[in-house]
Protein chains: 2
Amino acid sequence: MTTLTTPGGGPLYLQVRKLLTQRISGGAWPPGHLIPSELRLARELGVSQGTVRKAVDDLVGNNVLVRQQGKGTFVAVHDTRRALFHFFPMVGDDGQRVLPNSRVLSCRRLPAKQSEARALDLPAGARVIRIERTRDLNNRPTIVESIVLPAASFPELGKSRSERLPNTLYELYEERYGITIHRAEEQLRAVAASAKVAKLLGIEPGAPLLEITRLARTLDGTPVELRISRCLTRAHHYQSNFV
Amino acid sequence: MTTLTTPGGGPLYLQVRKLLTQRISGGAWPPGHLIPSELRLARELGVSQGTVRKAVDDLVGNNVLVRQQGKGTFVAVHDTRRALFHFFPMVGDDGQRVLPNSRVLSCRRLPAKQSEARALDLPAGARVIRIERTRDLNNRPTIVESIVLPAASFPELGKSRSERLPNTLYELYEERYGITIHRAEEQLRAVAASAKVAKLLGIEPGAPLLEITRLARTLDGTPVELRISRCLTRAHHYQSNFV
DNA sequence: TGAGTTAACTCTTATACAGGACCTATGAAT
DNA sequence: ATTCATAGGTCCTGTATAAGAGTTAACTCA
């Protein structure tokens with residue numbers, strides 16, 4: 001139990017924020033959980049409601065918590081819409097969002113390559129799960145994806161041959177393994193299509209593709225998924241807005 | 001003068017926020033300007049300091065205002081660092097930010113193409129300024145850019161033949177024309193290099209390039225710049241972080 | 001049984017106040 | 001002239017209070 005002291009560890013509301021974050025990422029408050037009311041927390045922690053409010057405001061701003069007036073404050077959940085709209089930046093050239101349709105090509109457990117181990121912060125040679133799949137946009141194969149996960153964090157996944165993998169993996173991580181993806185870093189490059197990828201996408205080898213290398217992390221910063229997507233951008237594009 | 005009424009137009013702090021926004025985008029408070037203290041504003045508008053604070057918090061979160069403890073609150077300025085780090089997402093593959101070196105190829109005033117007029121919300125055939133330039137990263141030509149501006153908003157720009165255009169255009173817009181770029185929307189695609197672009201970049205035609213189509217807007221949403229960048233992503237990449 | 005009302009609880013907005021930290025300018029002392 | 005201390009302004013943090021609005025559940029009444 002962390003003690004809250006006003007002169008010691010910086011601003012009180014930051015200490016409260018940290019404490020709430022720990023309870024969430026530690027699993028005490030799983031996604032969808034109704035957290036205690038501001039007043040209860042204030043009494044419990046021995047601070048004023050305004051201080052709790054400021055901490056909660058912060059977490060709401062970071063999509064960690066969700067307020068509902070009259071009901072309470074909840075730990076954010078990756079429903080399908082959020083997973084799709086928030087973590088899937090490909091949209092049609094007409095600006096319309098399209099929901100991708102996935103087809104898994106393979107799903108194996110095997111030792112990590114060096115680069116994968118480095119990115120996922122794993123010991124060299126640790127076992128990973130590698131999922132290869134294609135995704136259709138508007139019924140046309142548009143994305144070829146390679147997804148790498150630490151095998152230790154996802155027991156059972158991909159062991160049974162006939163397992164159905166859902167369209168939105170982030171929901172699966174959250175519901176089956178209690179792992180919530182909270183943020184991600186993406187690196188974008190233009191690359192030439194390899195023969196294999198070209199065949200899957202029905203295009204000529206060497207055609208330009210948008211390559212997205214994404215490292216997804218949980219709330220506490222642990223990397224949990226390395227994903228490389230190669231996207232055909234003839235009828236769709238990657239949308240990025242910033243202020 | 002807008003009147004602030006508590007039951008009428010929604011929450012008070014949003015009315016305050018709107019009023020502040022108007023003063024900024026209207027030019028009454030130019031970039032770098034020290035705005036009145038929270039207490040003065042509160043007295044002036046007939047609300048409490050906390051309400052002003054909430055409105056200011058909002059604008060600080062949107063990079064419109066900048067607080068400085070002990071000094072006051074200022075309208076945000078596009079200094080070179082900010083312009084570069086905030087609106088230039090290309091970084092080296094080692095994660096290092098590099099400052100680009102620009103070389104202007106041409107700068108002309110001419111009628112807008114249909115697509116340009118549409119994007120910039122101009123009447124068909126309105127005059128625009130078109131700037132073509134290349135940008136070096138680490139002393140290697142890496143980006144070919146085409147920049148289109150509404151000519152009416154930028155008098156004199158590009159009329160004198162020998163004009164030196166600075167490396168960071170957004171500073172020029174702000175300092176010479178009082179136009180502050182506040183947000184931008186980007187669309188990313190992978191394209192094949194045209195013969196012309198390939199020659200400028202010293203690569204073979206058909207090589208994959210990252211094409212970024214950016215529409216930049218002021219605080220009040222007016223589009224002011226359409227920019228198409230074609231980037232070589234062999235030693236650099238486009239970095240996109242999201243939560 | 002069923003519908004409508006009420007009560008209790010939540011977040012939301014707004015106000016007021018106070019001590020701390022930070023910055024600047026003024027003035028005093030050297 | 002330079003250095004130093006001080007005063008007053010600013011934002012920062014924290015507390016306390018209160019009326020409003022949305023939700024839920026229990027309760028009343030027909």
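Note that this is a predicted model, so its numbers are computed, not measured. All values below were derived from every heavy atom in this structure, side-chain atoms included, with hydrogens, water molecules and symmetry-related copies excluded. Just so it is clear: chains get the letters A, B, ... in the order the sequence lines come, proteins before strands, and each one is counted from 1.
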Rounded to the nearest Å, what distance is computed from the [atom1] atom of residue [X] to the [atom2] atom of nucleotide [N]?
{"X": "B:Leu14", "N": "C:dA14", "atom1": "CG", "atom2": "C1'", "result": "13 Å"}
{"X": "B:Leu34", "N": "C:dC23", "atom1": "CG", "atom2": "P", "result": "15 Å"}
{"X": "B:Tyr13", "N": "C:dT15", "atom1": "OH", "atom2": "C1'", "result": "16 Å"}
{"X": "B:Ile35", "N": "D:dG9", "atom1": "CD1", "atom2": "P", "result": "18 Å"}
{"X": "B:Glu38", "N": "D:dG9", "atom1": "CD", "atom2": "C1'", "result": "13 Å"}
{"X": "A:Asp58", "N": "D:dC12", "atom1": "CG", "atom2": "C1'", "result": "14 Å"}
{"X": "A:Lys54", "N": "C:dT12", "atom1": "NZ", "atom2": "P", "result": "17 Å"}
{"X": "B:Phe74", "N": "C:dC22", "atom1": "CZ", "atom2": "C1'", "result": "13 Å"}

Within the pair [X] and [N], is there a side-chain N or O less than 4.0 Å away from OP1 or OP2?
{"X": "B:Arg53", "N": "D:dC12", "result": "yes"}
{"X": "A:Thr73", "N": "C:dC11", "result": "yes"}
{"X": "B:Ser48", "N": "C:dA16", "result": "no"}
{"X": "A:Thr51", "N": "D:dT13", "result": "no"}
{"X": "A:Arg67", "N": "C:dT12", "result": "yes"}
{"X": "A:Lys71", "N": "D:dT24", "result": "yes"}

Touch class at under 4.0 angstrom, heavy-atom based, for B:Gln49 against every strand present: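 Result for B:Gln49 = nothing.
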Donor + acceptor pair across side chains of [X], [Y] (<3.5 Å):
{"X": "B:Tyr238", "Y": "A:Ser240", "answer": "yes"}
{"X": "A:Glu174", "Y": "A:Thr180", "answer": "yes"}
{"X": "B:His182", "Y": "B:Asn63", "answer": "no"}

Criterion side chain to side chain contact (heavy atoms under 4.5 Å, CB included) on A:Leu20 and A:Leu59, from CA distance to verdict: CA-CA 9 Å; A:Leu20 298 179; A:Leu59 294 175; 3.8 Å; yes
Side chain of B:Gln69 - closest among D:dT13, C:dT13, C:dA21: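 The closest nucleotide is C:dA21.
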Centroid-centroid distance, A:Phe87 to A:His78, less than 6.0 Å: yes
